[in-house]
Amino acid sequence: MDEFADIELTVNGEKIAKRVEARQHLVDFLRIELGLTGSHLGCEHGVCGACTVKVDGSIVRGCLMLAIQADGADVWTIEGVSDSGEIEDLQEAFINRNALQCGYCTPGMLLTAAEMLEAGRKMTRAEIREFLSGNYCRCTGYHAIVDAVETTMESRFGG
């Protein structure tokens, strides 16, 4: 088996063609090869959510997906989603509600919350907590994060 593979994908709206190691994880590819360091490496077992990215419109754990599995995919990182302006109100709510402290989990938390907001409806605090349950935060205790998401939902979908 060849130890390298050629892949073509779109990352944050830009077409990318690269030769990658066959066993390189997507998050490592994004961080090392493309310099997109917003997605973090936490547990490297898909448990913490620090490596969260969007692939073909769905949230995935970048540490569990190989870069070659993203061949032909549309990948969005926190950098691209943030630059698009689509989560500006959510980011403001995170700041205003003090929903970030060390910031390590924040990119994955924002991407996951953005996916939740795409449902287009207000959710209960329990539903918000459940949706975010795959993303670990060791600093905030989640209360402020749930506040920020709830505030954004109220702003977008009515209180």
Could you pull out the closest heavy-atom pair between Leu117 and Arg156, with the gap in Å? CB-NH1, 3.5 Å

Lys18 versus Leu34: any side-chain heavy-atom pair under 4.5 Å? yes

What one should report as the nearest heavy-atom pair of Cys63 and His45 is SG-N, 3.8 Å

Begin from the C-alpha positions of Leu41 and Asp28 and carry the test side-chain contact (heavy atoms from CB on, under 4.5 Å) through to its verdict. CA-CA 8 Å; Leu41 287 171; Asp28 291 325; 3.3 Å; yes

Measure the shortest side-chain to side-chain distance between Val53 and Val27 over non-hydrogen atoms and say whether it is less than 4.5 angstrom. no

Treating His40 as the side-chain partner and Ala50 as the backbone partner, does any N or O pair qualify as donor plus acceptor under 3.5 Å? no

Any sub-3.5 Å donor-acceptor pair from Glu154's side-chain atoms to Lys122's backbone N or O? no

Val81 with Val60, same ILVMFWY side-chain cluster at under 4.5 Å: no

Under 4.5 Å between side-chain heavy atoms, hopping through other hydrophobics if needed: is there a path connecting Phe4 to Leu30? no

For Met116, which of Leu111, Val149, Leu90 qualifies under side-chain contact (heavy atoms from CB on, under 4.5 Å)? Val149

Using only atom types and a distance under 3.5 Å, with no angle test, would you say the side chain of Tyr142 pairs donor to acceptor with the backbone of Cys137? yes

For the atom pair CZ (Phe29) and CG (Leu66), what is the distance rounded to the nearest 0.5 Å? 12.5 Å

Got more than 12 heavy atoms from elsewhere within 6.0 Å of CD, Glu86? yes

Value rounded to 0.5 Å, distance of OG1 in Thr52 from CE in Met109: 9.0 Å

Hydrophobic cluster identity match, Phe131 and Ile78, side-chain contacts under 4.5 Å: yes

Is there side-chain contact between Tyr104 and Arg138, with at least one heavy-atom pair below 4.5 Å? no

Would you say that more than 12 heavy atoms from the other residues, nucleotides or ligands in this model lie under 6.0 Å from the CD of Glu8, or not? no

Arg19 CZ to Ile68 CD1 distance, which is reported to the nearest 0.5 Å: 11.5 Å

Please check if Ile59 and Ile87 belong to a single hydrophobic cluster, counting links between Ile, Leu, Val, Met, Phe, Trp and Tyr side chain heavy atoms closer than 4.5 Å. yes

Ignoring hydrogens, what is the shortest heavy-atom contact between Leu100 and Ile95? Give both atom names and the distance. CD2-N, 4.3 Å

Determine whether Glu44 and His25 make a side-chain contact, defined as any pair of heavy atoms from C-beta on separated by less than 4.5 Å. no

Is it the case that atom CD in Glu118 sees more than 12 heavy atoms from other parts of the structure closer than 6.0 Å? yes

Reported CG-to-CD distance for the pair Leu9 and Gln69, which is rounded to 0.5 angstrom: 12.5 Å

Would a 4.5 Å heavy-atom cut-off, applied to side chains only, mark Leu26 and Val55 as touching? yes

On a heavy-atom basis, the closest approach of Gly42 and Cys48 is CA-SG, 3.7 Å

Please give me the minimum heavy-atom distance between Ala144 and Ala99, naming the atom from each residue. O-CB, 3.5 Å

Checking the side chain of Arg121 only, and the main-chain atoms of Phe157 only, is there a donor and an acceptor separated by less than 3.5 Å? no

Pairwise distance CG(Asn135) to OG1(Thr106) - rounded to 0.5 angstrom: 10.5 Å

Sub-4.5 Å side-chain heavy-atom contact between Leu36 and Asn12: yes

Please tell me whether Ile32 and Val75 are part of a single hydrophobic cluster in this structure, the criterion being side-chain heavy atoms less than 4.5 Å apart. no

Salt bridge (charged side-chain N to carboxylate O under 4.0 Å, His left out), that's the test. Do Asp147 and Arg125 meet it? Break it down for me. CA-CA 8 Å; Asp147 286 348; Arg125 292 181 69 82; 2.9 Å; yes

Distance col, row Met153:CE vs Met123:CE, nearest 0.5 angstrom, shows 4.5 Å

